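Right, one structure below, let's go through it.
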2 protein chains.
Amino acid sequence: MRTTDLPQVRSLELFRSMSESNFDTLMQAAYLQTFPTQLDLITEGDPADFLYVVIEGCVELCARSNGRESTMGMVRPVGTFILAAVLKDAVYLMSARTCQKSKILLIPSENVRDAFERDEAFARAIVVELANCYRGMVKEHKDLKLRTAVERLANRLLRYHREQGSAGSLDLPYDKRTIASLLGMTPENLSRAFNTLKPYGVDVDGAKVHLSDLKSLQILAKPNPLIDNRES
Amino acid sequence: MRTTDLPQVRSLELFRSMSESNFDTLMQAAYLQTFPTQLDLITEGDPADFLYVVIEGCVELCARSNGRESTMGMVRPVGTFILAAVLKDAVYLMSARTCQKSKILLIPSENVRDAFERDEAFARAIVVELANCYRGMVKEHKDLKLRTAVERLANRLLRYHREQGSAGSLDLPYDKRTIASLLGMTPENLSRAFNTLKPYGVDVDGAKVHLSDLKSLQILAKPNPLIDNRES
DNA sequence: TTGACGTCTTGATAATTATCAAGGATCGAG
DNA sequence: CTCGATCCTTGATAATTATCAAGACGTCAA
C-alpha cells in the first residue's frame, strides 16, 4: 500500500484510536485498490478472506436466491462491509459490487482478527461498527415488515431530504431500479408509488425530487426514528 | 443473585472464558430473575439499561410502528438480546416479552461495557455473539425479500424438521399466530399456506406437522443454507 | 444524424396478500 | 358440565404488488 494513502485510512473512525504499531502491522498486510464500476468484489457463499472498507465511491450489497435478486444495502465512504463474516471466519452472506469507480481497502481477515485480539481500542471500534451494522439491518427489517411500499418510499424520501439539508428538494442517490430493490419493490411499482405521492407534494424529475408539502407527506409517512434515523 | 445459579451462568458460551475475577465482578452487579409468561420486559425506544440473557423459557422480540406490530424473533436458552443497544449505549430498537415463564439474567449495561474493556476473552465472546445476531438478521431479511409466503413457510418447516432430528414430523415451537408474524404474514394466510403445502406432503394437526414427501417439499422450498442455516 | 441500448413509465392483467366476517375447536374457570 | 374466551380456519372480498407488453425518453457511439 502506498504511504501517501495511510493518513486517509488512519483518520477513519475504525482505525483512529488504535496504537501506531498495531496500525502499521495491519496496513502492511492490507491493499488499497481502485476498482472500476460494476465490478463484482465478492460473492455470497465464498469464505471471508478480506474485510472491505469503502474509502471512495460506492458499493452495492445484494443477495440472490432462487432466480431472484435483491439489493440489501449500499455502502458509502467510510463504511465497512462483511465485518461479521470476517470476525466469525465464515462465508459471506451477501455479494458486493461497485456501482461507481471506487477506492477500497482490503484487509486480510486473519490480520483483522489478530489486531482485534491485540488492540483494545481497535476491538472497541470494531464492536461499535458491528453494532451499527446490526441496528441498521434491524431497521431495514422493521421497515419492510411494518410498512407498505408507498410508506417505505415516503419515509425514504423524507430521510434523503433530511440528510441533504432539508432544502425542499433532494437528489435520488441511486438509479430508480436500485432504490426500488432497496425498498423491496419492482421498478414498475416504484413509478406508481411516486404517482401515489404526487397529491402529497412529491414531484419527480429524473433524479430530482421536489417536496412541496412536507406536512402532508409526513402525515402519510408517519416517520419513526427507530426505523428512519441512521445515526442512533 | 444466588450463588447456586452461578455455575449455570458461568457455563454459558458468553462467560465461559472470562477471568474468574471479572466474572465475579460482573455477577455481583447482575440479577437472575424468574418472570411469568406474557410479561413485558422492555419497550422499544427506552434506553438500554440491561443486557438480557435468557437462561430458561422463551422471549419474543417484536416491533411496532403505526398501528402495526410484528414479531422480529424468538430468543431461547441460551441467547442474549439487545446486545447492540447495550454496547452502543443507545435505545432499544425492539420490545421484548416473555412467552413462557422464564428465567432471565439481567446485567447492567455499564458493567457489560466495563467487562468488555477489561476482559479480552469476554470481548471476543461478545463479538461472536453480536456477529451471530447480525447474521441472523441478514438471513431473516433475505428470507422476506427473496421468497413468497408459501416458500418461507416451506423452508421454515424444513428447518424445524432438521433441528428436531429429521424424523419425518415436527412440532411447531410457537403459536400459529406467532409463526405467522415471524414469517411476515397474517394468521389467515398461514392457514392458507399450509393448505397450499398439502399436495407436497405437509399435514398439520394442531402443533404437529407431518412431512410425508420431503423431496417434493424441498423442490418447492429450494432451501438455501445462506438463509436457512442458523449455525453458520 | 441515426440507430442501438438502457432506463423509466404506463396500461392491462394476474398473482399474491390482507381484511372482514363468521363458524368450529379447544381449554380453563366457575 | 357450561360458559366464555381464545385460537384457528374458511369464505368472500378488497387491496396490494407483480408480471407482461409496449412505448417514451435520453445517452452514446458510429
Side-chain angles (χ1 to χ4, degrees), chain A residues 36-38 60 65-71 97 99-100 143-157 171-199 202-210 220-221, chain B residues 36-38 60 65-71 97 99-101 143-157 171-199 202-210 220-222:
Chain A
T37 187
Q38 294 301 328
E60 175 184 2
S65 196
N66 238 332
R68 282 156 274 194
E69 161 162 351
S70 185
T71 301
R97 66 166 159 263
C99 44
Q100 297 171 18
D143 193 42
L144 196 57
K145 281 189 105 174
L146 293 167
R147 288 171 170 165
T148 66
V150 171
E151 288 171 337
R152 292 198 296 278
L153 174 59
N155 281 294
R156 190 62 65 122
L157 292 178
D171 290 303
L172 297 176
Y174 319 109
D175 281 353
K176 285 190 182 134
R177 72 167 203 294
T178 304
I179 290 177
S181 186
L182 256 179
L183 295 176
M185 55 180 128
T186 59
E188 294 96 324
N189 246 312
L190 179 65
S191 260
R192 296 191 177 104
F194 271 121
N195 287 333
T196 306
L197 291 181
K198 211 170 265 174
V202 176
D203 285 290
V204 191
D205 178 26
K208 279 249 179 297
V209 180
H210 246 79
L220 172 90
Chain B
T37 187
Q38 294 302 327
E60 176 184 0
S65 196
N66 240 329
R68 282 155 273 194
E69 162 163 349
S70 185
T71 301
R97 68 167 156 262
C99 44
Q100 295 171 19
K101 184 179 166 199
D143 193 42
L144 196 58
K145 280 190 106 174
L146 293 167
R147 287 171 170 165
T148 66
V150 170
E151 288 172 338
R152 292 198 296 278
L153 175 59
N155 281 294
R156 191 63 64 123
L157 292 178
D171 291 303
L172 298 175
Y174 319 109
D175 281 353
K176 285 192 183 131
R177 73 168 201 294
T178 303
I179 290 176
S181 186
L182 256 180
L183 295 176
M185 55 179 126
T186 58
E188 292 96 326
N189 246 311
L190 179 65
S191 261
R192 295 188 179 107
F194 271 122
N195 286 334
T196 305
L197 291 180
K198 211 170 265 174
V202 176
D203 285 290
V204 190
D205 178 27
K208 279 250 180 295
V209 180
H210 247 79
L220 173 90
K222 293 182 195 65

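Naming: A, B, ... by sequence-line order, numbering from 1 per chain. These figures come from a predicted structure and were not determined experimentally.
- For the pair B:T196 (side chain) and B:R192 (backbone), a donor-acceptor distance under 3.5 Å is present.
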Which atom pairs link the protein and nucleotides 22-25 of chain D when you take only N or O atoms and keep those under 3.5 Å?
none

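- Mapping B:Y174 and A:M185 onto DNA chain D by nearest heavy atom places B:Y174 at the nucleotide closer to the 5' end.
- When all heavy atoms of B:V202 and B:F194 are compared, the closest pair comes out as CG1-CD2, 4.2 Å.
- Classification of A:E69 and A:R97 as a salt-bridged pair holds, one side-chain N sitting under 4.0 Å from a carboxylate O.
- Side chain of A:D203 to main chain of A:H210: no donor-acceptor pair is present (N/O by atom type, distance under 3.5 Å, no hydrogens or angles).
- In the helix from C:dT1-D:dA30 to C:dG30-D:dC1, the end axes, each obtained as the rotation axis mapping the C1' atoms of four pairs onto the next four within a five-pair block, lie 30° apart to the nearest 10 degrees.
- Side chain of A:R152 to backbone of A:L183: a donor-acceptor contact under 3.5 angstrom is found.
- As a whole-Å value, the separation of B:R177 CZ from D:dT6 P is 11 Å.
- More than 12 heavy atoms of other residues, nucleotides or ligands lie within 6.0 Å of CG in B:D171, so this atom counts as buried by the packing criterion.
- Protein chain B contacts DNA chain C over a range whose 5' and 3' limits, counting nucleotides with an atom under 4.0 angstrom from a non-hydrogen atom, are C:dT17 to C:dC20.
- The shortest heavy-atom contact between A:M185 and A:A149 is CE-O, 3.5 Å.
- With rounding to the nearest 0.5 Å, the separation of OG1 in B:T148 from CG in B:L220 is 7.5 Å.
- The main-chain N or O of B:S181 is found under 3.5 Å from a side-chain atom of A:K145 such that the two form a donor-acceptor pair.
- Put simply, CZ on B:F194 is 7 Å from P on D:dT9, counting in whole angstrom units.
- A salt bridge between B:E151 and A:R68 is present, with a side-chain N of the basic residue lying under 4.0 Å from a carboxylate O of the acidic one.
- Here A:R192 lies in heavy-atom contact (under 4.0 Å) with a base.
- Under the 3.5 Å distance criterion, the side-chain polar atoms of B:K208 are left unmatched by any main-chain donor or acceptor of B:L172.
- Taking for each of A:E188 and A:T148 the nucleotide of DNA chain D with the nearest heavy atom, the 5'-most of the two is the partner of A:T148.
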